[in-house]
Amino acid sequence: MSILDRKLRRELTSSLGLLLAIVSIMAVGVACYISMASNYRNLQEAKTRYYAQCRMADFSIELKKAPLADLEDVGELPGVAEIRPRIQFFATVDLDGFARPLNGQVLSLPDRREPVIDDVVLRRGSYFTDRRENEVIVNDAFAAHHRLQPGQWIHLVLNNRRQEMLIVGTAISSEFAYLLGPGAIVPDPEHFGVFYIKNSFAEDAFDFDGAANQVLGRLAPGMGNRTGETLDRAERILAPYGVFSTTPARDQASNRFLSQEIDGLRAFAVVMPAIFLGVAAAVINVLLSRLAEQQRTVVGTLKALGYTNAQVFFHFLKFGLVLGVIGAALGSAMGYGFGGMLTSQYRQFYEFPELNNHFYTDLHLTGLAISLACAALGSLRGARAVLRLKPAEAMRPKPPRIGHSVVLERIGWLWTRLSTGWRMVLRGTLRNRMRTAAGAFAAAMGAAVLTNGFMMAQGTNYLIDFQFEWVQRSDVDLTFKDERGREALWEAQALPGVDLAEPVLNVAGDFRHGPYKKKGGITGLVQDARLTVPRDLEAKPIPIRAVGLTMSRKLAEILHVEQGDVVEFQPTKGLRDWLALPVVEISESYLGTSVYANIEYMSRLLKEEMILSGVQLATDNDPEHRAALYRELKTFPSLEAVNSRADMVANLRETLIQSMYVFILIFILFAGIVFFGSILNASLISLAERRREIATLRVLGYGPWEVGSLLLRESMITTVVGALAGMPLGYGLSWLTAVAYESELFRFPVVATSATWIATGALAVAFGLSAHLFVQWAVHRLDWLEALQAKE
Amino acid sequence: MSSTPTAPTAVLLRFERVGKTFTMGEVAVEALRDVSMEIHRGEILAVLGPSGSGKSTILNIAGGLDTATTGEIWFREHRLSDFSPAELTCYRRDTVGFVFQFYNLVANLTARENVMVSTEISRHPMDPVEALRQVELEERMDHFPAQMSGGEQQRVAIARALAKNPALLLCDEPTGALDFATGKRVLRLLVDLKNRLGTTVIIITHNAALAQAADRIIRLRSGQIVETHVNEAPTPPEEIVW
Ligand SMILES: Nc1ncnc2c1ncn2[C@@H]1O[C@H](COP(=O)(O)OP(=O)(O)O)[C@@H](O)[C@H]1O
Ligand SMILES: [Mg+2]
C-alpha cells in the first residue's frame, strides 16, 4: 500500500460518521435503482413468458351473438394469424357457507385440451375429462380464497339456471394476470372468480349452438401497429351481430395495468436514483471541497516532495471513489433485499406462473458504475482545487477571505434588529454558497420525495372517496342479464332491508363526434338519483337533466366534445339508429368513461317502455336484513352480478391503502436518510471548520446549547428553504406520475391539502432536529480548549 | 457556591496549592505544581516564564476555561474549584474577559459585531461603540477582521473583552503576534484601562521587558512559582526598550 493510500485510509476511518451519512444516501440511490430495475425485469420477463405460454390474444371482439362460420371470416382478414371464438358470460356464484352471491366470469374452453389463444395454466387438479359435461376449472385465487378443491361441487347460475358443477382443477391465465372484475381497479379474489367450462356445455347452457359472443385473435408477426385497422375491418364484418366492444391488447384491462406498472417501474428506476445520487454528489462535493481546503498545506508539502499533479489529483478523487464503491456495495445488497420485498408485493396483486426476484449481474454492475460516476462528479471540484495550488502558495495557510457584507444587510431596518448570532448565521449561510446550495438541494429532494409520497396516498384516498362514497352511493348493486321492465324495480324495492331502490339502464354503443369515435355506453338514471351522483371537479353534484348527456371529462377529451356540443350515438342493441344527443354537462371521473342521462329520456330514445338493466339499492344496516337480502338474491331472476359497495371499498382500502402505507414508509425512510445525511454532513463540517470560533464563543461565556443553536439555525435555514422549494417539485412529480398513469380506465387525482404541506414541513423539521441532536452531541464533546490553543 | 468569606476584600482571586496534571494515555504531564498566589483588585499582574512552564494553564484555570487537578481556587468568596461546567460558563460570561495571542475574532462579524457577541450575553455591558472608542477603533467598527491589521484585530479583541465590564481581564501573550511597537501600544491600552476603569489584569508574556509595565511579576519555571516581585514603579509602556 502506498503512503498516500495509507493517508487515505486514515482519513476515511477518522471521519466515519460523516462518511456513513454520505454512503447511506448513495446506498439508497443504488438500492432504488437495483430494486426497481430488477423488478422491471422480473415483471417484464415474467410477462413475456406468461403471454407466450398462454398464447395471449392480441385483440378481442365482444358481440351479442354470431354464428361460428361468420366469426371465422375474421380469421381470414389480412394480418390476422389465428382466431378463437369463445362464449363468455357473467354469472353469479352461489357458494355454500358464503352469504353473498358472488360474481364470476364464465369462459368456454375446448372440451379437450389443445393449445388455444388465451389458454390456461393449470395449478391444481386436471383439465376437463370425458366423464361428465358439467365440469369447471376455477381460477386459482378464487379457489384459494374459498378453499375450493378439485373434486368439490359448486353452483353457478348460468342463463338463469342454477347448475351444479364439479371442480376438476384450478388455473391461471395471462389475460387475468391482474384479475379485475367489471368496474374494479384492484383484484378482489374473494368476490370475483373466473370459471372455465367446456365449450359444448356452454353452447347448451346459453343456447349458443354453433355460435359465440367473443372472438379472440392473434396477429401475424409485425402487424402489431395495425391492430386498429384490423379491428375496424373485423367490426364491419361483424356489425350485423351487434359489436359491443373491440379491444386491442393495449386496452385489455389486465395487460393495461400490468404494462403501466412495468413502465412506471422503468421511469421510477431512473427518477428516484437520480434524486438520491444527485444529493449524494452534492454532499460529497461539500465534503471534498472542505477536505481540499483543510489539506492545503499537506498538498503543498506533497507537491514540494515531488508528487505529480496527477498523483495528488487521483489521491483526492480516490476518496470519493472509495465512497462510491462502499455505497454501491451496500446499495446492491439493500437493492436485492428491497427487490425481493417489492416482488412479493407484486405477487399480491399480479398472478404469474412464477414471479421471482433474480440477481441481475449487469444491473448491479451498472449500479456500481452510476455510483462511481456520481462520486467522481462530486469529488471533481475538490480534487481540481488541489490541482491549481502551487506548492509554495499551498504551504502557506490560506489567506483569510475578504470580509464583505451580504445582500440582506442592505435591508437596514431588518439587519439592525438582528442579534449577532443571526448575523453570524446569515453571513455564514450566504457566503458558503456552494454548501448552502448543496444543503438546500438535498432538502428540496427530500421534501419532494415526501410530498410525492403523501400526495400519492391522498390521491388514492380521494379517488376512493370520490368514486365510491360520493358518486356511487348505493349499498348493493344488482345487474340484470337482460333488460327488465318496471316490475324488476318493485321486486327489488320489496327485498328485505331495502330503503330505496333506483333503476339503472346501461346502453352500450358507439359515440361519434366528427372524426372522433369511441365505444362506450350511457347509464340512464332517474331524475334526482340519490344512489349515483355525477360530480364536477370540485366534487359538487351535477343534477341529471331531463334531456341530454352528462359526459365524463375523459370521454369528452377523447371525442373533442365541449359542453353544449352534440354527439352521435348508435346503441348496440335495438334499432341501432344513430341518435344526435346534446352534451349538457361535463362530469369528473377517475374511473372509466361514464356517460349519464335521464333514464326516461333514454327509454324514449330507444323507443321502449321504461326498461332497466340494473337496480341500485340503499339498505339499512341491520345484518339480519342483509343476510336475508343475500339469501333472496341467490334466487333473484335474471341476475348477472351483485355488488356490495361496502365490500368493494373495504377491499380497495385494504389492498391499495395498505400497500400505499408500505410505500409511504419507505419514502419517509429514504427522505429521512437524505435530510439526515446532508444536514449531518453540513453541520459537522461547519463545526470542524469553526472549532476555533466556537471555542472563542465558549470562552466569552456562551454555553454549548447556545453554540449549538447557531449551527441549528444555519441548518434549519437551508432545510426550510430547501423544503419549501422541494414541495412544489414534489407536486410536479405527482402531477407527472398522474399524467404518466392516465388512461381511459383509470386516472389518478392530484390532490394536495394543507395536511400534505404541514406533514412534509413537519417531517423536514423533525429530521433536521434529530440530525441536530448528533451535532449538539458533537458540540458538547468538542474539546474547545484545545481548539483554542491550536495554532492554525 | 460556598460563601465562606475567607478572602480579604483586596484579594480578587486566590490559588491555594493548585496542581494540574494532564494525562494523555500513558504519559502524565505535570503542568502546575503546588501553585499558591493572590491577585489583588485593580493591579496588573504579569506572569513570566519560558514556553511550556505553565503560564497558559494558570490563566485558563483562573478564567474558568479549565479546572485544577488539586488545590483550591477562590474568586472573591466563591470556591471556583467546585463550580460545575454550567457555573463556569456563567463565571466566564459575567466576570472574565479574555484576550489571546491570535485574537480569535469571528471572521463573519464586523468589529462592532464581534464586540456585540460579548455584550449581548453579559449583564452590565458597555455600549459596543464606546468599547471600540476605548481602543480607538470607532472609525473602523464596520470592518471585518480580514480587513484589519494584526494590531487592530488585537484591539478589537480587547474591546470585546472589556465591553462586558469584566472584573478580571486575562491576556495570554496579547503582544505575541505583534511587532514591538504595536505590542507597546496594546500594552499602553491595558495600563490605561486599569487606570481608568480599575480593571484587574493578568498578562502572560515571555518577554521580560514588557513585564516591567506590571505592578507585580510572577516568574514560573516547570509549573512552579520561582519568584514573586513587586514592581514599585512600573515603567510606562512607551518607555520600555528592548
Ligand atoms: N491540553 C493539554 N494536554 C496535555 N498537555 C498539556 C495541555 N496543555 C498544556 N499541556 C502541557 O502543560 C505544560 C504547560 O503548558 P502551558 O501552560 O501551555 O505552557 P506555556 O503557556 O507556559 O507555554 C506543557 O508541558 C504543555 O505541554
Ligand atoms: Mg501559552
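Here is how names work: the chains are called A, B, and so on, in the same order as the sequence lines, proteins then strands, and each is numbered from 1. Keep in mind the model is a prediction, meaning the values are calculated, not measured. Below, all heavy atoms of this structure are taken into account, side chains as well, without hydrogens, waters or symmetry copies.
The closest donor-acceptor contact from the side chain of A/Arg692 to the backbone of B/Asn104 lies at 3.5 Å or more, if one exists at all.
Contact annotation for B/Glu120: only side-chain heavy atoms (C-beta onward) come within less than 4.5 Å of a heavy atom of chain A. Of the atoms belonging to A/Leu426, not a single heavy atom falls under 4.5 Å from chain B. Contacts between B/Asp172 and chain A at a heavy-atom distance below 4.5 Å are absent for every atom of the residue. Only the side chain of B/Phe100 comes within contact range of chain A, with heavy atoms under 4.5 Å apart.
Other residues, nucleotides and ligands contribute over 12 non-hydrogen atoms within 6.0 Å of the CZ atom of B/Arg196. Applying the 6.0 Å contact sphere to CZ of B/Arg185 captures no more than 12 heavy atoms from other residues, nucleotides or ligands. Within a 6.0 Å radius of OH in B/Tyr91, other residues, nucleotides and ligands contribute more than 12 heavy atoms.
Note that CG of A/Leu697 and CZ of B/Arg92 are 11.0 Å apart. Values are rounded to the nearest 0.5 Å. The line from CG of B/Asn108 to CG of A/Asn432 is 8.0 Å long, rounded to the nearest 0.5 Å. Taken from CG in A/Leu700 to OG1 in B/Thr119, the straight-line distance is 10.0 Å, to the nearest 0.5 Å. In this structure, B/Leu109 CG and A/Met424 CE are separated by 4.5 Å, a value rounded to the nearest 0.5 Å. Taking CG from B/Asn114 and OG1 from A/Thr696, the interatomic distance works out to 9.0 Å, rounded to the nearest 0.5 Å.
Top candidate by heavy-atom pairs under 4.5 Å with chain A, chosen from B/Asp142, B/Thr110, B/Val117, B/Asp66, is B/Val117. Of the listed residues (B/Met116, B/Arg160, B/Arg93), the one with the most heavy-atom contacts under 4.5 Å to chain A is B/Arg93.
Pairing each heavy atom of B/Leu65 with each of A/Trp784, the nearest pair is CD2-CZ3, 3.6 Å.
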